[in-house]
Amino acid sequence: MYQQLIEFVRDHYQTTAFIPLHAPIFNGQERNYVLETIDSTFVSSVGAFVDRFEQEVAAYTHSPKAIATVNGTAALHIALKLVGVENGDLVITQPLTFVATCNAIAYCGAEPVFVDVDRHTLSLSPQAMQAWLEEYAAIDDQGICRHRDSQRIIRACLPMHTFGHPADLEGIMQVCEKWHIALVEDAAESLGSLYKGKHTGAFGLLGILSFNGNKIITTGGGGIILTNEALGQHAKHITTTAKQPHPYEFVHDELGYNYRLPNLNAALGCAQLEQLEAFVAEKRALAKAYTDLLAHSSLQVVVEPEHCRSNYWLNAVICENQQQRDELLKATNDAGVMSRPIWQLMNHLPMYRHALKGDIPNAEWLAQRVVNLPSSIKSQ
Ligand SMILES: *Cc1c(COP(=O)(O)O)cnc(C)c1O
């Protein structure tokens, strides 16, 4: 079966050379737009491509506002600050995620609380969140949700749409509403993914996307905050050093950050965005081909949840057990066909080992079994 899979991937990419897990591709206007910024000298924090990129991403995701940032982690940091996450607060998230999700929580001086994921979405489970809250939380006289033992405020919930598969957003929103917890979405991996027809990242008070080199489209490095008009204005302000407009004076009216996406990167993003729907279509076709190929094997391809359109950013299979996972990783990587295990659980990392958590059987089960397969767009 491993040999069949290796041959399928080589045939798909029409090469016997090394095949990466995910490589960017620049077949559109990338070169022209980037050269335009160089010719104009506007390569840095001011320029037309930043505004255009923000407007186009806002339109694509149907978000009132989109604020571009230097990377997705910075976008997450600001999104959490804007829902009031501060020193000593708790933020509910999933243990099965990329470390940036938790790091952004820690940058605010807050701590993650890990609740389990669902096996079919690979993302935060509303049932697990509800169960943890019932056991450990209460709403105080002021309507604030607190961890009962420590009285720390449970300020936000930060689900992550794993590999582009939307989490159970309706379920999560219900739990957030019931417990007065703000929803922020880590949609870093899910540009192009829809939940019941609406773009991921547009459900929470804020959501973020990443345009790192390995994501579905790239700006080199970059991210964006999706939110409403008022929070969007504030996000723009504090990601640009919180400077008040003035003809010549430097007036900064609160703690600001230098998180603005350079125009050079935005130019690349504008060119990539023009190809996004074609990329999603190709990824979905590849996912279908993997699913057909492995239909009668012991590897289970992760497919989009019901009522969702996944971007299938990274294709993933669930192995029968850890031994099969290790065999698959060895066979493919030895053959020059890159595959990778899913991340280690965040609660195993030294920084987050002491964080609060619920029972996480699904996260533990998946962590031993999930492998990502090559998912790049073809260069032809
Ligand atoms: C890529 C990614 C981010 C943000 O990454 P940056 O490299 O900072 O753009 C955040 N969360 C998840 C889950 C990611 O995959």
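Just so we're clear, the structure is a prediction, and the values are computed from it rather than from any experiment. We count ligands from 1, going down the list as the structure has it; atoms in each ligand are counted the same way.
Scanning all protein heavy atoms for the shortest distance to atom 3 (C) of ligand 1 gives Ala188 CB, 3.5 Å. For atom 2 (C) of ligand 1, the closest heavy atom belonging to the protein is Lys215 NZ, 2.9 Å. For atom 15 (O) of ligand 1, the nearest non-hydrogen atom of the protein is Glu189 OE2, 2.5 Å.
A side chain to side chain contact (heavy atoms under 4.5 Å, CB included) with Ile238 is found for exactly one of Asp253, Leu255, Leu82, namely Leu82.
The distance between the ring centers of His161 and Tyr195 does not fall below 6.0 angstrom.
Ring geometry for Tyr248 against His246 counts as perpendicular: the plane angle is over 60°, on a 0 to 90° scale with 30° as the lower cut. A perpendicular orientation is assigned to the rings of His165 and Tyr312, their planes being inclined by more than 60° (bins at 30° and 60°).
Near Ala100, meaning under 4.0 Å from any of its heavy atoms, are these atoms of ligand 1: 10 (C). The contact set between ligand 1 and Met160, taken as ligand atoms under 4.0 Å from a residue heavy atom, comprises 13 (C). For ligand 1, the atoms closer than 4.0 angstrom to any heavy atom of Gly222 are 9 (O). Interface atoms of ligand 1 facing Ser210, defined by a heavy-atom separation under 4.0 Å, are 1 (C), 4 (C), 5 (O), 6 (P), 9 (O).
Annotation: side chain of Gln275 is not in contact with side chain of Ile217 (no heavy-atom distance under 4.5 Å). Two residues are said to be in side-chain contact when any heavy atoms from C-beta on lie closer than 4.5 Å; Thr240 and Ser45 fail this criterion.
Considering backbone and side-chain N/O of Phe98, none are found under 3.5 Å from N/O of ligand 1. Where the criterion is an N or O separation shorter than 3.5 Å, residue side chain and backbone included, Asp186 meets it with respect to ligand 1.
No heavy atom of Ala74 sits closer than 4.0 Å to any atom of ligand 1.
Of the candidates Leu76, Leu314, Thr73, Ile208, the one placing a heavy atom closest to atom 4 (C) of ligand 1 is Thr73.
Among residues two or more places apart in sequence or in another chain, the salt bridge (Lys or Arg N to Asp or Glu O under 4.0 Å) test is passed with Glu306 by none.
Screening residues 229-243 for salt bridge (charged side-chain N to carboxylate O under 4.0 Å, His left out), with sequence neighbours left out, gives Glu54-Lys236, Lys65-Glu229.
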